[in-house]
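Heavy atoms only: backbone and side chains are in, while hydrogens, waters and symmetry mates are out. Atoms within a ligand are numbered from 1 in the order they appear, just like the ligands themselves.
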Amino acid sequence: MSDDARCGADELIRRLRRVVGSAPKVALHEPRLAGREWDYVKACLDSGWVSSVGEFVNRFETALSGILDGHAVVACVNGTAALRIALLLAGVRRDDEVLVPALTFVATANAVSHLGAIPHFLDSDGATLSLDPAKLESRLSAIAVPGENGPINRQTGRRLAALVPMHCFGHPADMDALNEIAARWRLPVVEDATESLGSRYKGRACGALAPLAAVSFNGNKIVTTGGGGAVVASDPAVAARAKHLTTTAKLPHRWAFLHDEIGYNDRMPNINAALGVAQLEQLPQFVRAKRALHGRYAEALNGLSGARLFTEQPWAESNYWLNALLLDEPDTARRDRLLEATNDAGLMTRPAWTLMHRLPMYGDHPRDDLSTAEALEARLVNLPSSATLEPALG
Ligand SMILES: *Cc1c(COP(=O)(O)O)cnc(C)c1O
């Protein structure tokens, strides 16, 4: 069989192997735990403070705030919870609609649904993989009218309560354009920055490009706490609200259990924060390693026929959380043959997430034309992207 008939799988595998080496199994993304993780987790156990109060939570929040251009940070149990709290603080209520990308991990839409609100799916931009500002503008012009408390979707009668750009695979969305449109329509913006810790947009940190954001520290993210997340807020008073809501809305008192609203138990435990403090110390190294890995992929895949590596915009500095190979043409059959051949060869590649409107619970939800996201879904293969693949960067 010719190389062409195999859709170039052999050639792709040969080139990928030049980058990732000869290990029999190469993960899509694995954590790197080579810093002070053991020391800090042991110190946490020795202190006896393993739960949601403790010194490591404070240290973690302070370190994270430094990374996020000084925005205030409240550490949470996971990124989904952080996103739910950020949306709540942005004013999202039951029966509101929230504008989210169709090309995202399901948690973006689920966090909206957990509040009883309705995700409304928007298209992506092929140049960023994230929300397309031009299509957002035309969608709003087509369906929205200004209302007393924000724009109303004329087709459903529901309020459009927030816009949630997601920095896909670590690549910043075009936030200046999105923020400008949102401001004009009086739409609060909540960044889903769960994949983009360490990424920068025109020199500014992703996760600090809107008044509210959520980040994640799940095991597969660039920095992990086992499981974890954080609400990020430009206004310290809003962060104080996040802290109150995530700690069962308990009022400070020496002994009494007084709660002034229905709160959540969403705070990050101290033992997870201990892991996180050690991980955050290594973030600059992780970003350097992942950008170097991207550079080696770019070199190895240069001139590959029928596909190219996705690369950041000139104004972006991506953390390259996951590298993406893009087929020149949408072709799910070819994509699936490449997935099968690479996985058979021990290289853990993955397709993009199934688009939100194809999932059974979101099939009947409001959505714009999603032709770019649909094309990307049929073109995209994520490549192994662990920082551990770049041993030279310690
Ligand atoms: C990881 C992720 C989340 C949720 O984070 P968890 O910590 O896993 O709950 C939300 N949105 C996107 C786009 C993600 O990749």
With heavy-atom distances below 4.0 Å as the criterion, list the atoms of ligand 1 near [X].
X      : value
Ala107 : 3 (C), 4 (C), 10 (C)
Gly228 : 7 (O)
Thr108 : 11 (N), 13 (C)
Thr80  : 4 (C), 5 (O), 6 (P), 9 (O)
Met166 : 13 (C)
Asn78  : 7 (O), 9 (O)

Check: So between Val100, Asp192, Asn218, whose heavy atom ends up nearest atom 8 (O) of ligand 1?
Finding: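 Looking at heavy atoms only, Asn218 sits closest to atom 8 (O) of ligand 1.
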Quick one: nearest non-hydrogen protein atom to [atom], plus distance?
atom                    : value
atom 2 (C) of ligand 1  : Lys221 NZ, 2.7 Å
atom 15 (O) of ligand 1 : Glu195 OE2, 2.5 Å
atom 5 (O) of ligand 1  : Ser216 OG, 3.3 Å

Under-4.0 Å salt bridge between [X] and [Y]:
X      : Y      : answer
Glu37  : Arg32  : no
Glu11  : Arg15  : yes
Glu390 : Arg288 : no

Margin query: Checking Tyr362 against His365 for the ring pair (Phe, Tyr, Trp, His ring centres under 6.0 Å) test, could you report, in this order, the C-alpha distance in whole Å, the side-chain angles of both residues, the deciding distance, and whether it holds?
Written below: CA-CA 5 Å; Tyr362 293 131; His365 278 45; 5.1 Å; yes
Next item on the list: Measure Thr104 to ligand 1 on non-hydrogen atoms and call it side chain, backbone, both or neither using the 4.0 Å cut-off.
Entry: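 Side chain only; the backbone of Thr104 stays clear of ligand 1.
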Check: What part of Thr194 sits under 4.0 Å from ligand 1 if we count only heavy atoms: the side chain, the backbone, both or neither?
Finding: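 The side chain, only.
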Next item on the list: Give yes or no for whether the N/O distance cutoff of 3.5 Å, strictly under, is met between Phe105 and ligand 1.
Entry: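 The answer is no, given that Phe105 and ligand 1 share no N or O pair closer than 3.5 Å.
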Next item on the list: Check whether the side chains of His171 and Ser318 place a donor and an acceptor atom closer than 3.5 Å, and report yes or no.
Entry: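 Ser318 and His171 do have a side-chain donor-acceptor pair below 3.5 Å.
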Notebook entry, point to check: Are there more than 12 heavy atoms of other residues, nucleotides or ligands under 6.0 Å from atom CH2 of Trp49?
Noted result: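 Count not over threshold, so no.
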Next item on the list: Start with the C-alpha gap between His357 and Asp364, add the side-chain angles, then the distance that decides, and say whether side chain to side chain donor-acceptor pair (under 3.5 Å) holds.
Entry: CA-CA 7 Å; His357 65 296; Asp364 62 353; over 6 Å; no
Check: Taking the inter-plane angle between the rings of Phe217 and Phe60 on a 0 to 90° scale, is it parallel (under 30°), tilted (30 to 60°) or perpendicular (over 60°)?
Finding: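 Plane angle over 60°, so perpendicular.
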Note to self: Less than 4.5 Å apart, side chain to side chain, heavy atoms only: is that true for Leu33 and Gln279?
What the structure shows: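 A side-chain contact under 4.5 Å exists here.
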